[in-house]
2 protein chains.
Amino acid sequence: MASIGIKDVAAEAGVSVATVSRALNGHPSVSPAARERVLAAVETLGYRPNAVARSLRTDQTRTLGLVISDVMNPYFTELARSVEEEARALGYSVIIGNADERPDLQDHHVTTLLDRRIDGLLVSPTDGGSPRMLDAARAGTPMVFVDRWIPGVDVPVVRSDGRAAVRDLVAHLYGLGHRRLAIIAGPAATTTGRERVDAFREALGAYGLPLPDAYIGQGDFQADSGRRVTEGFLDLPEPPEVVFAADNLMALGALDAVRARGLRVPEDIALAAFDDIRWFVHTDPPVTAIAQPTGDLGRAAVRALVDRIGGRPGESVTLPARLVVRRSCGEAAPQETPSPSPVRRSTP
Amino acid sequence: MASIGIKDVAAEAGVSVATVSRALNGHPSVSPAARERVLAAVETLGYRPNAVARSLRTDQTRTLGLVISDVMNPYFTELARSVEEEARALGYSVIIGNADERPDLQDHHVTTLLDRRIDGLLVSPTDGGSPRMLDAARAGTPMVFVDRWIPGVDVPVVRSDGRAAVRDLVAHLYGLGHRRLAIIAGPAATTTGRERVDAFREALGAYGLPLPDAYIGQGDFQADSGRRVTEGFLDLPEPPEVVFAADNLMALGALDAVRARGLRVPEDIALAAFDDIRWFVHTDPPVTAIAQPTGDLGRAAVRALVDRIGGRPGESVTLPARLVVRRSCGEAAPQETPSPSPVRRSTP
DNA sequence: ATCCTCCGTGTAATCGATTCCACGAGGAGG
DNA sequence: CCTCCTCGTGGAATCGATTACACGGAGGAT
């Protein structure tokens, strides 16, 4: 059952293990004849190098860890996919850890990944920063935050800035005549959770609209919380005219709640969401959303991380999000907005 | 930068590395005093064992490989999630490889995973079986097929049988008065691609209905193919009254195509899909679908694989799928069918 | 012809754990 | 009191690669 190792190849080719290793790693000082024989031996034996042994010796695994908040969230799924693609192109594998928005699970994955001596870590933190992760960052593990981040840590951040898009959204809603706007917020422990509320409040302020506390529902980025918060909104003596969900799953929950009451979107209440996903085109009604350049984010994050691994600085990147208007806020949109997403960079 | 190793712990605790190793692995013959000192040393030094070195020595990585056809497909996402959960409960990590329905990518991932000496492999084959995978199976790598499988290989299969649910679906459609039923098939190279067509044809036969070739569209489990095939159906001199998509993404594509023509579902054409996903509740209209017990499949697959790794046989499992009626085939359903999915086991 | 350089190669150390084997101390049994 | 086990422990081999170092031979310069 013991698989063939480099020694077997050496024997078959009639050379030493050192020569085999050199031939396989493209080391310059190997004679063409020897290289030839090694390759032939590898072929006939079907030899494959043991990555575990190699990693132990070279102290690099050519593996990246990706810890995300929730794989079932289409946004993160897409992010994970683009991360894996770019990593593969750069010769890395990716191990994904699903934190399910639970700090303890997040820590479990970080620990496991570190134990496996991954070369670098991509994290979208669930909370404000567990000691374990901060330790890792301080200990010099190459690390990059993606989507969400933790303030005060010297780690590059790759994310999307939704501020402008939120302003566009509020302008759109205001233009449609809506004045009572509510938001289903994400956890205050996450940067995205806070930022989206701030951006919303700020945009509202520009139109002289208030954001009363009763119109700020505390969600946790999961569908259930969207449902619960929306029910609360509907029970208010003066319910909002619009509900803005800070992520796509909470929007789904909101849709559930509205439907359960027998109300209609957008006639009875309008709905908008942060994060655009392909299903929003086909929901009833199609949902107006803020789209992040997810693929670009994933690729930029991997490049920044690989830079860090290579000893280079690894730049932070902030990409703009954009508003995609559909029918869920009223008044049919003439067509899908096809504007390509511009790319902007900055280093904080 | 060199992290602390077992030697440092041994020095700190004033014992040998052997004792440290034994203490950490719960070996019986370690004195309480020594164990105490080792644990204390581990604590003060913040020592974490190097999983790479351990794997090299013990020849096990406590890692499972999962190669799936398409992460962006919510069905596989959910599968991956349940696999990871069960694996974690059993002390394993999971490395996910996304094949994107491409045999070459699938091979790449299988090779990479094997190089990393994963303990076992969970595969949902994209094609009829690449040499690389068959080699792996023959070479004795613990392996389990999930969802799709390759005939003629001695590997346990964990999957769902949709035959009965497809019969229920056809009965439902027939009862609604539909007589011209078409299907968007999956790739013939996959078992699920073939089976769903067979089951559909068989169920149609029971009602004396034909399944003409013109009503069998060849898709590839991706949204685009669903769109393309549906357009073909609509161009037919006598278009079908119902389109049954063999997976959820092709159903999405079909919805796109129908919408682009300005037609309505189900008034102009009815739609049903294999694989139920949460968004189908909120699409316009809600989509009638066949739901697989995805979570159970994932968990059963992991258990079978871990059995194999442990030298036990590892049983094949087939679980029934069930029909979930919604509005996309006509006539509003009174309510969501809440029947719990029964569990049945068999060993082929 | 002599010496110096490369060049290709092999031997052996190394990475950080686990584990076989040997050994000494102490207790039980004769 | 001697022998034999058992128990806790440490030394050293081992897993499968990479790589520093040494070495012999060929070729060029003087």
Side-chain angles (χ1 to χ4, degrees), chain A residues 1-39 41-42 45-63 91 111-112 114-119 139, chain B residues 1-39 41-42 45-63 91 111-112 114-119 139:
Chain A
M1 200 49 61
S3 70
I4 47 250
I6 199 172
K7 271 193 283 223
D8 305 293
V9 177
E12 171 80 14
V15 295
S16 74
V17 294
T19 301
V20 174
S21 175
R22 282 188 280 248
L24 260 29
N25 292 323
H27 194 284
S29 73
V30 178
S31 70
R35 186 187 313 275
E36 194 72 23
R37 290 216 306 285
V38 168
L39 261 29
V42 165
L45 269 69
Y47 166 76
R48 292 256 78 209
N50 184 326
V52 175
R54 183 207 299 264
S55 293
L56 176 60
R57 184 60 231 261
T58 61
D59 199 40
Q60 55 164 329
T61 50
R62 296 212 67 88
T63 301
T111 304
T112 306
L114 257 25
D115 284 356
R116 281 162 193 271
R117 300 305 194 262
I118 47 146
D119 295 339
Chain B
M1 200 49 60
S3 69
I4 46 248
I6 198 172
K7 268 191 285 221
D8 306 293
V9 177
E12 171 81 15
V15 295
S16 74
V17 294
T19 300
V20 174
S21 176
R22 281 188 282 249
L24 261 28
N25 293 322
H27 194 284
S29 73
V30 177
S31 70
R35 187 187 314 275
E36 193 72 23
R37 289 216 307 285
V38 168
L39 261 28
V42 165
L45 264 53
Y47 166 76
R48 292 254 76 209
N50 184 326
V52 174
R54 183 207 299 265
S55 293
L56 176 61
R57 184 60 230 261
T58 61
D59 200 41
Q60 53 164 330
T61 50
R62 297 210 67 87
T63 301
T111 304
T112 305
L114 258 25
D115 285 355
R116 279 163 194 272
R117 299 304 194 262
I118 46 145
D119 295 340

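What you see below is based on every heavy atom in this structure, not just the backbone, and it leaves out hydrogens, waters and symmetry mates. Each chain gets a letter, A, B and so on, in the order its sequence line appears, and its residues count up from 1.
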Residues forming a side-chain contact (heavy atoms from CB on, under 4.5 Å) with [X], sequence neighbours excluded:
X	answer
B:Asp59	none
A:Glu36	none
A:Ala53	A:Asn50, B:Leu56
A:Val17	A:Ile6, A:Lys7, A:Ala10

Terminal axes of the helix from C:dA1-D:dT30 to C:dG30-D:dC1 (5 end pairs apiece), angle rounded to 10 degrees, sit apart by 50°
Residues within residues 24-37 of chain A bordering DNA chain D, heavy-atom distance below 4.0 Å: A:Asn25
Mind checking what makes side-chain hydrogen bond (donor to acceptor under 3.5 Å, both in side chains) contact with [X], not counting sequence neighbours?
X	answer
A:Ser55	none
B:Asp8	none
A:Arg116	B:Thr63, B:Ser93

base_contact_polar (C:dG16 base, A:Arg117 side chain, donor-acceptor, <3.5 Å): no
Quick one: which of A:Val30, A:Leu39, A:Val9 gives a side chain to side chain contact (heavy atoms under 4.5 Å, CB included) with A:Leu24? A:Leu39
Donor-acceptor contact below 3.5 Å, side chain B:Arg22 vs main chain B:Ser29: no
B:Arg117 side chain vs B:Thr61 backbone, donor-acceptor pair below 3.5 Å: no
Would you say that B:Asn25 contacts B:Arg54 through its side chain, given a criterion of any heavy-atom pair below 4.5 Å between the two side chains? yes
Would you kindly give the CG-to-C1' distance between A:Asp115 and C:dG16, to the nearest whole Å? 13 Å
Please give, in whole Å, the distance from C:dT19 C1' to B:Arg22 CZ? 8 Å
Quick check on contacts: within residues 46-62 of chain A, what sits under 4.0 Å from DNA chain C by heavy-atom distance? A:Leu56, A:Arg57
Counting only heavy atoms and a strict 4.0 angstrom limit, can you tell me which residues of residues 5-14 of chain A come near DNA chain C? none
Of all residues at least two apart in sequence or in a different chain, which pass the salt bridge (Lys or Arg N to Asp or Glu O under 4.0 Å) check with A:Asp115? B:Arg48
Scanning both residues in full, the closest heavy-atom pair of B:His27 with B:Arg35 reads O-NH2, 3.7 Å
From the set C:dT11, D:dT9, D:dT18, return the single nucleotide nearest to any side-chain atom of A:Ser16. C:dT11
NA contact type, A:Thr19, heavy-atom cut-off 4.0 Å: base, sugar-phosphate, or nothing? sugar-phosphate
